[in-house]
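See structure below.
Here is the naming used below: chain letters follow the sequence lines, and residue numbers restart at 1 for every chain. In this text the structure is predicted, and so the values were computed from the model without any measurement.
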Amino acid sequence: MKQNLNIYNSLTGKKEEFTPLNDGFVGLYVCGPTVYSNVHLGNCRTFISFDVVYRYLKYIGYKVRYVRNITDVGHLVDDADEGEDKIAKKARLEQLEPMEIVQAYTIDFHNVLQKFNNIPPNIEPTATGHIIEQIEMVKAIIEKGFGYESNGSVYFDVEKYNESHPYGELSGRKIEDLLSNTRDLDGQSEKRAPLDFALWKNASDEHLMKWPSPWGIGFPGWHLECSAMSTKYLGKQFDIHGGGMDLKFPHHECEIAQGTSANGTSPVKYWMHGNMLTLNGKKMSKSTGNSILPEELFSGDNDFMEKAFDPMVVRFFMMQAHYRSNLDFTSDALLAAEKGFNKLMEALSTLEKLKATKDSSTDVTALVNEFHNAMNDDFNAPTLVANLFEAVKFINSVNDNTATISKDDLALLTKEMNGFIVDVLGISLQISSSDDKLAPVMDLVLDLRQEARTNKDWTTSDKIRDGLAAAGIVVKDSKEGTSWK
RNA sequence: GGUCUCUUGGCCGAGUGGCUAGGCAGUGGUCUGCAAAACCAUCUACGGCGGUUCGAAUCCGCCAGAGACCUCCA
């Protein structure tokens with residue numbers, strides 16, 4: 001487990017050696033989706049990035065409690081006082097119960113992530129299931145003097161908090177700058193100051209999702225659920241909190257303020273933020289039509305990609321970029337990734353067939369150590385992939401008898417190649433097309449073709465090959481015989 | 001307007017003060033009846049202008065361009 005893992009901490013802007021609060025255990029919280037529409041590809045990238053973080057922590061021996069919430073109370077669309085709840089709005093438009101909306105999109109979310117081979121979190125709490133905890137947290141914040149009630153709503157007093165704590169420390173903002181940039185649209189605002197944010201909102205009669213509270217009927221503020229649920233399941237302070245870049249401000253900043261004022265301690269030791277994803281160089285946006293859903297990518301039913309892509313290819317493609325970098329989705333890039341992916345998979349099956357000899361012609365231990373070094377350096381999956389391809393080259397060389405591998409090294413390499421590809425990167429191996437009924441048919445067909453080839457009947461053999469190709473089956477001739485795929 | 005980040009070869013994308021990232025494409029080769037596939041080898045680089053340094057693509061400054069956040073957003 002002693003791996004000298006380094007994590008880039010958004011709070012300090014530096015890579016820091018990871019030391020868990022409790023030796024051997026890691027608390028990991030990731031901000032989940034608001035389930036009011038289909039999960040989009042950008043969301044998936046964040047969750048896949050943190051899936052790899054979770055997987056690697058486990059791989060190096062930590063016991064991890066991974067918590068990722070489902071936001072099933074819609075955040076408000078507009079400014080606090082004018083806004084509309086996204087889920088409530090959608091429910092009204094579609095004439096459904098809000099919980100029908102939530103249920104439908106939660107299922108979609110789980111389905112998509114499963115296709116991407118994400119491991120489900122250990123706890124997936126919902127905001128509506130933790131209203132009591134949220135109310136208790138609001139009470140605590142008021143008690144500590146950082147929250148105030150106004151007309152049935154409760155707000156967080158940012159300026160008061162800033163007197164004793166640096167509000168803006170995560171996003172590098174200063175309260176003066178924020179103030180000078182605040183848009184003037186209040187008027188009848190219940191807030192004392194424009195930077196204050198809602199902890200609890202008074203609900204109007206038409207509002208669909210609401211609960212009783214000490215301040216009247218209402219619903220929790222947008223930032224509160226994460227604070228309440230992370231505290232409940234991971235404690236007042238925990239190790240890693242992740243999420244997309246776009247949540248840094250104000251969401252995570254508010255979480256720090258809420259946690260610090262309610263619990264007396266900064267809630268998170270290591271903040272991690274994944275970067276955004278673009279489509280053809282531009283931000284994904286539903287309004288401009290520059291957007292693609294995972295299902296559309298898998299089915300090929302979209303205007304952006306030349307063909308359909310397997311979820312594992314998409315995942316592999318994402319692994320070729322660092323989680324803190326932007327990643328641009330283009331047809332060409334996916335196509336290139338698909339070929340690389342196939343090469344890697346091919347090598348993995350070649351590895352199983354390798355024959356060990358007395359010595360290894362290369363330092364396999366060093367090769368494998370590089371896998372760890374890559375991931376220990378702030379989960380650098382792209383460097384890991386590069387290192388895996390170094391191993392691929394070696395595997396192929398052994399297969400071509402231009403390199404050798406010892407029995408022990410072969411065992412080590414097999415274990416670690418599979419470990420890093422399957423367990424860490426989360427690339428599930430393709431179930432080879434061993435269709436029970438097709439396989440014997442193919443054996444027969446290829447046998448006939450081989451007969452034709454032996455008889456130098458090229459017309460027949462090529463006809464079989466072309467016919468199969470038309471059916472999407474690629475025939476591969478090699479020294480060992482003919483295979484198909 | 002404010003805060004911050006980024007700018008790498010035909011494409012995607014790591015990384016680093018002096019030593020090959022990697023993948024895809026291209027080129028050459030091995031294999032093959034011919035192909036395909038596979039494998040091997042190999043070319044093209046660090047936005048512009050200054051500065052620091054023995055040496056910078058890597059550090060600093062300026063300029064240009066892109067993006068994120070400032071308002072719900074992974």
Side-chain angles (χ1 to χ4, degrees), chain A residues 13 30-34 36-37 39-50 71 74-80 83-86 168 171-174 176-178 180-183 185 222 242-251 253 273-278 281-286 316-317 319-322 324-344 346-347 350 370 374 377 380-390 392-393 395-397 399-400 402 453 456-458 461-462 465-466 469 474-479 482-485:
Chain A
V30 174
C31 287
T34 305
Y36 70 102
S37 65
V39 62
H40 73 78
L41 198 57
N43 288 295
C44 294
R45 150 114 117 144
T46 299
F47 300 129
I48 290 169
S49 294
F50 287 104
T71 298
H75 294 319
L76 296 190
V77 175
D78 259 320
D79 182 69
E84 200 171 5
D85 184 297
K86 279 177 181 170
S171 52
R173 274 158 229 262
K174 292 191 182 69
E176 306 85 64
D177 297 337
L178 287 167
S180 65
N181 280 306
T182 306
R183 293 184 304 171
L185 36 69
W222 329 276
M245 282 283 209
D246 47 352
L247 294 181
K248 223 170 166 181
F249 188 89
H251 185 61
E253 206 70 73
H273 290 94
N275 215 325
M276 303 289 103
L277 181 151
T278 54
K282 275 176 277 180
K283 184 188 177 179
M284 278 217 204
S285 154
K286 276 180 209 160
F316 175 74
F317 173 63
M319 292 302 113
Q320 286 187 296
H322 188 86
R324 282 191 289 117
S325 298
N326 275 107
L327 176 62
D328 191 30
F329 262 72
T330 62
S331 198
D332 286 349
L334 263 308
L335 245 22
E338 185 174 50
K339 292 194 179 177
F341 173 80
N342 289 336
K343 184 174 175 175
L344 188 63
E346 205 68 45
T350 304
E370 287 304 313
D377 183 17
N380 198 323
T383 297
L384 168 60
V385 171
N387 295 337
L388 289 170
F389 275 105
E390 292 297 333
V392 166
K393 189 177 287 189
I395 289 167
N396 288 329
S397 299
N399 192 230
D400 285 355
T402 55
R453 293 178 75 203
K456 294 201 193 314
D457 179 4
W458 310 128
S461 72
D462 287 356
R465 185 213 287 160
D466 295 345
V474 180
V475 173
K476 293 193 281 189
D477 296 324
S478 72
K479 272 172 283 184
T482 301
S483 60
W484 58 278
K485 190 163 139 175

Sticking with atom [atom1], work out how far [N] lies from [M], rounded to a whole angstrom.
| N | M | atom1 | value |
| --- | --- | --- | --- |
| B/rG10 | B/rC43 | C1' | 12 Å |
| B/rU5 | B/rG55 | C1' | 29 Å |
| B/rG2 | B/rC63 | P | 12 Å |
| B/rG13 | B/rG17 | P | 23 Å |
| B/rU58 | B/rU53 | P | 16 Å |
| B/rA25 | B/rG65 | C1' | 27 Å |
| B/rA45 | B/rG22 | C1' | 15 Å |
| B/rA36 | B/rG28 | P | 13 Å |

Please state how far atom [atom1] in [X] lies from atom [atom2] in [N], giving the value in whole angstrom units.
| X | N | atom1 | atom2 | result |
| --- | --- | --- | --- | --- |
| A/M276 | B/rC4 | CE | C1' | 14 Å |
| A/H251 | B/rC72 | NE2 | P | 11 Å |
| A/W458 | B/rA36 | CH2 | P | 16 Å |
| A/N326 | B/rA74 | CG | C1' | 13 Å |
| A/R453 | B/rG33 | CZ | C1' | 8 Å |
| A/D328 | B/rC6 | CG | C1' | 14 Å |
| A/L277 | B/rG13 | CG | P | 10 Å |
| A/I395 | B/rC40 | CD1 | C1' | 16 Å |

(request) Ignoring the backbone of A/N396, work out which of B/rC39, B/rC34, B/rA74 is nearest its side chain. (result) B/rC39
(request) State which of B/rA35, B/rA74, B/rG33 makes the closest approach to the side chain of A/D477. (result) B/rA35
Any strand: nucleotide that pairs with [N] via Watson-Crick or wobble, under 3.5 Å:
| N | value |
| --- | --- |
| B/rC6 | B/rG65 |
| B/rU27 | B/rA41 |
| B/rG33 | none |
| B/rG18 | B/rC54 |

Do any N or O atoms of the protein come closer than 3.5 Å to N or O atoms of nucleotides 21-28 of chain B, and which pairs are they?
| residue | atom | partner | partner atom | Å |
| --- | --- | --- | --- | --- |
| B/rA25 | OP1 | A/K339 | NZ | 2.9 |

At what distance, to the nearest 0.5 angstrom, does [atom1] of [X] lie from [atom2] of [Y]?
| X | Y | atom1 | atom2 | value |
| --- | --- | --- | --- | --- |
| A/H40 | A/L277 | NE2 | CG | 8.5 Å |
| A/H273 | A/R324 | NE2 | CZ | 12.0 Å |
| A/D477 | A/R453 | CG | CZ | 4.0 Å |
| A/M319 | A/I48 | CE | CD1 | 6.0 Å |
| A/L384 | A/E370 | CG | CD | 10.5 Å |

Have a look at [X] and say if it touches a base, only the backbone sugar-phosphate, or nothing, with a 4.0 Å heavy-atom cut-off.
| X | result |
| --- | --- |
| A/G274 | nothing |
| A/R45 | nothing |
| A/V30 | nothing |
| A/S461 | base |

(message) Does a side-chain N or O of A/N380 approach OP1 or OP2 of B/rG15 to a distance below 4.0 Å, or not?
(response) yes
(message) Counting only side-chain nitrogens and oxygens, does A/S171 get under 4.0 Å of the OP1 or OP2 atom of B/rU3?
(response) no
Over all heavy atoms of both residues, which pair between [X] and [Y] is shortest? Give the atoms and the distance, please.
| X | Y | result |
| --- | --- | --- |
| A/Q320 | A/V385 | CG-CG1, 4.3 Å |
| A/F50 | A/G242 | CZ-CA, 3.4 Å |
| A/S171 | A/F249 | OG-CD1, 3.4 Å |

(message) If you assign each of A/D377 and A/F249 to its closest nucleotide in RNA chain B, which residue comes earlier from the 5' end?
(response) A/D377
(request) Hey, which sits more toward the 5' end of RNA chain B by its nearest nucleotide, A/A347 or A/F317? (result) A/F317
(message) Quick check: any donor-acceptor pair below 3.5 Å linking the side-chain of A/R465 to the base of B/rA36?
(response) no
(message) Taking side chain to side chain donor-acceptor pair (under 3.5 Å) as the definition, give me every residue that meets it alongside A/D457, ordered by chain and number, with sequence neighbours left out.
(response) A/T460
(request) Please tell me if the side chains of A/R45 and A/N275 come closer than 4.5 Å, counting only heavy atoms from C-beta onward. (result) yes
